[in-house]
Amino acid sequence: MSDDTLLSVHDLTKHYPITEGLLAREVGRVRAVDGISFDIRRGETLGLVGESGCGKSTAARSLLRLEPPTDGEIRFDGEIVGNQTDDERKRFRRRTGIIFQDPTSSFDPRLSIGESVAEPLALHGLRDHDRRRSLVETMLAEVGLSADDYDRYPHELSGGQKQRVALARALVSNPELLVADEPVSALDVSVEAEILALIERLQTTFGLSILLISHDMSVVRDVCDRVAVMYLGEIVERGPTEAVFADPQHPYTRALLASMTTPDPTRRGERAELSGTVPDPADPPPGCRFHTRCPAVIQPPDYDFDQQVWRGILDLRIALRNRTLDTERLRTRLVTEGDAEHADEISGAELRTAIRAAHDIPDELHDANAEQVLSAALAEIVAGELATAEERLNESFATICCREQPALEETEAGHRAACHLHDVGGESSTAESVLSGQQNG
Ligand SMILES: Nc1ncnc2c1ncn2[C@@H]1O[C@H](COP(=O)(O)OP(=O)(O)OP(=O)(O)O)[C@@H](O)[C@H]1O
């Protein structure tokens, strides 16, 4: 931690217990945030980016102690946040501010704009009404509103104006850290740029450090000095924004970047880099959490697959593991599509072909040894021996991605990523060729 570090987050963890029965017995845990670490320096903006459900908002609430973390250490200006006295806690609150995605729900509709913005001042003990009013009016001017707006009510304002008021309220007590949780995602595109520019201006005026949370890589690129990419409760890549955008080292970051290549929102993701959704954080996949969706997942060493075919085989393996391979449904579908009248008339060969097709696996693999393993597993699946098939695929087609959790480590590019591609026999050329294959594919 260097001298200019304002906030230091180490191994922050937030699990929500899943309970059952009258005695609220714990039967599981939602691992919303699972051991993340980062620093924010004075005057810098760190972007926390990832798809919906990756744990970004939970991380923000936990580090501000709006809810208690399960584990980890937070230091603000060198002091541990957590075991503070009431006064210290109050001081920490005054030195930090937060704005949320939906400015409408953050206001009490019965309070005027000015009263809302003045609330933190009253809370922090400023009793002089005139002084409060004068500070609020100055703050309203700072965010591009006017003193006359003091007596207006939230329903009279547009979404963009409300976000300006939210900023005024977050900054009125002169904090050093602002957490902006999806500050523009509920706003029209035309207003988005205005609010982002305002945040940047306020950062300079007030010398703020900012944690900007967004699912949108283009927002992060425009505003942040450094970026931390979050996936399923973990940080998978972290570094200066320019470096991460120029040379992303994690397949997830590459996929997020690929989905923003077109400015037309209706065509985003057309390159289908990122299929599926974020898995359930109550039951995260073993090994690398991204392996269930990763386009660059590492192949087993003794076989030679086309990368997309390997992805399909792994999907089949995962479907067996998750018990989601529904052969009965496939049989029924074949009946509706074909000549057979009953599901039991569907031959094993037809079903095997259908399973391959459902996972984009060709009718025959070009690697004869791999084909032998797959054929045997498919025969077992058709015979209803799913556990045996799963074991066969696991043993023959083993990959480190399903087995071991990668650490967030320095890469050749000079910033950190948590991906086994960077430690395959220490050969960074392997990582480079596979990752660039993903980018070009
Ligand atoms: N109070 C809670 N109890 C149980 N699970 C929760 C709670 N709050 C959040 N979660 C779960 O934790 C995971 C992370 O949620 P979180 O809102 O932090 O993600 P996010 O990346 O900010 O996504 P979004 O942008 O959609 O809010 C989700 O699966 C969510 O359902």
Side-chain angles (χ1 to χ4, degrees), residues 7 9 11-21 24-38 40 45-72 74 96 98-106 159 163 166 178-187 192 195-196 199 210-220 223-224 227-238 250 252-253 255-257 259-260 265 268-269 274 276-286 289-290 292-293 322 408 418:
L7 179 82
V9 173
D11 248 346
L12 180 67
T13 303
K14 178 69 188 179
H15 292 173
Y16 295 104
I18 305 167
T19 56
E20 229 176 53
R25 191 169 58 90
E26 185 173 321
V27 291
R29 282 170 160 230
V30 178
R31 297 165 179 273
V33 176
D34 222 4
I36 63 169
S37 302
F38 57 84
I40 303 183
T45 301
L46 175 77
L48 194 57
V49 69
E51 290 161 286
S52 178
C54 282
K56 308 179 297 295
S57 299
T58 305
R61 288 195 306 270
S62 307
L63 74 87
L64 289 181
R65 292 198 81 92
L66 299 178
E67 52 184 298
T70 308
D71 210 345
I74 298 147
T96 57
I98 185 163
I99 60 167
F100 300 99
Q101 169 173 356
D102 179 8
T104 307
S105 60
S106 23
Q163 202 55 297
L178 172 70
V179 175
D181 189 352
E182 299 275 10
V184 292
S185 52
L187 303 178
E192 182 178 311
I195 297 295
L196 290 177
I199 291 177
I210 299 180
L211 176 65
L212 185 124
I213 292 173
S214 180
H215 65 280
D216 187 339
M217 290 298 264
S218 51
V219 168
V220 169
V223 178
C224 299
V227 56
V229 181
M230 211 170 159
Y231 185 74
L232 202 51
E234 299 175 335
I235 288 178
V236 297
E237 182 156 1
R238 203 181 66 200
H250 197 285
Y252 181 58
T253 313
L256 288 178
L257 288 172
S259 65
M260 65 171 267
R268 276 183 203 161
L274 254 187
T277 50
V278 180
D280 183 356
D283 185 21
R289 291 187 177 176
F290 189 53
T292 57
R293 300 167 76 199
N322 295 343
L408 187 65

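Predicted model only: the values in this text are computed from it and were never measured. Side chains included, hydrogens not; waters and symmetry mates left out as well; all remaining heavy atoms used. Whatever order the structure lists them in is the order used to number ligands and atoms, beginning at 1.
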Undergrad: Report yes if some heavy atom in the side chain of L46 is under 4.5 Å from a heavy atom in the side chain of C224; otherwise report no.
TA: no
Undergrad: So, T253 and E237: side-chain donor and acceptor under 3.5 Å apart, yes or no?
TA: yes
Undergrad: What atoms in ligand 1 come closer than 4.0 Å to a heavy atom of R61?
TA: 8 (N)
Undergrad: Nearest to atom 10 (N) of ligand 1, what protein heavy atom do you find, and at what distance?
TA: Y16 CE1, 3.7 Å
Undergrad: With a cut-off of 4.0 Å, which atoms of ligand 1 are near a heavy atom of E51?
TA: 21 (O)
Undergrad: Measure the distance from atom 15 (O) of ligand 1 to every protein heavy atom, then report the residue, atom name and distance (to 0.1 Å) of the closest one.
TA: T58 OG1, 3.7 Å
Undergrad: If only side-chain N and O atoms count, and only distance matters, is there a donor-acceptor pair under 3.5 Å linking Y252 with R289?
TA: no
Undergrad: Which residue and atom name correspond to the protein heavy atom nearest atom 19 (O) of ligand 1, and how close is it?
TA: G55 N, 3.1 Å
Undergrad: Do me a favour and list the nearest non-hydrogen protein atom to atom 23 (O) of ligand 1 with residue, atom name and distance?
TA: G53 N, 2.7 Å
Undergrad: Run the salt-bridge test on E51 and K56 with the 4.0 Å N-O cut-off and return the result as yes or no.
TA: no
Undergrad: Counting distance only, does the side-chain N/O of H215 pair as donor-acceptor with the main-chain N or O of V49 below 3.5 Å?
TA: no
Undergrad: Is ligand 1 under 4.0 Å from a heavy atom in the side chain of P281, in the backbone, in both, or in neither?
TA: side chain
Undergrad: Any idea which protein heavy atom is nearest atom 24 (P) of ligand 1, and the distance to it?
TA: S52 OG, 3.6 Å
Undergrad: For atom 12 (O) of ligand 1, what is the nearest protein heavy atom, given as residue, atom name and distance?
TA: A32 CB, 3.3 Å
Undergrad: Is the closest protein non-hydrogen atom to atom 6 (C) of ligand 1 under 4.0 Å?
TA: yes
Undergrad: Any non-hydrogen side-chain atom of H15 less than 4.5 Å from a side-chain atom of D71?
TA: no
Undergrad: Just to confirm my output: which protein heavy-atom neighbour is closest to atom 11 (C) of ligand 1, and how far is it?
TA: V30 CG1, 3.9 Å
Undergrad: With a 4.5 Å heavy-atom cut-off, do T96 and V179 have their side chains touching?
TA: no
Undergrad: Strictly under 4.0 Å, does any heavy atom of Q101 approach an atom of ligand 1?
TA: no
Undergrad: Compare R31, E67, K14, K56 and give the one whose heavy atom is closest to atom 21 (O) of ligand 1.
TA: K56
Undergrad: Could you tell me if the side chain of F38 sits less than 4.5 Å from the side chain of M230, heavy atoms only?
TA: no
Undergrad: Students should be able to answer this: which protein heavy-atom is nearest to atom 27 (O) of ligand 1, and at what distance?
TA: S57 OG, 3.6 Å
Undergrad: When you measure from the side chain of E192 to the backbone of S185, do you find a donor-acceptor pair of N or O atoms at a distance under 3.5 Å?
TA: no
Undergrad: Is the shortest distance from atom 31 (O) of ligand 1 to a protein heavy atom below 4.0 Å?
TA: no
Undergrad: Give a yes/no verdict on whether any heavy atom in M230 is under 4.0 Å from an atom of ligand 1.
TA: no
Undergrad: How about D216 and S218: does a side-chain donor come under 3.5 Å of a side-chain acceptor?
TA: yes
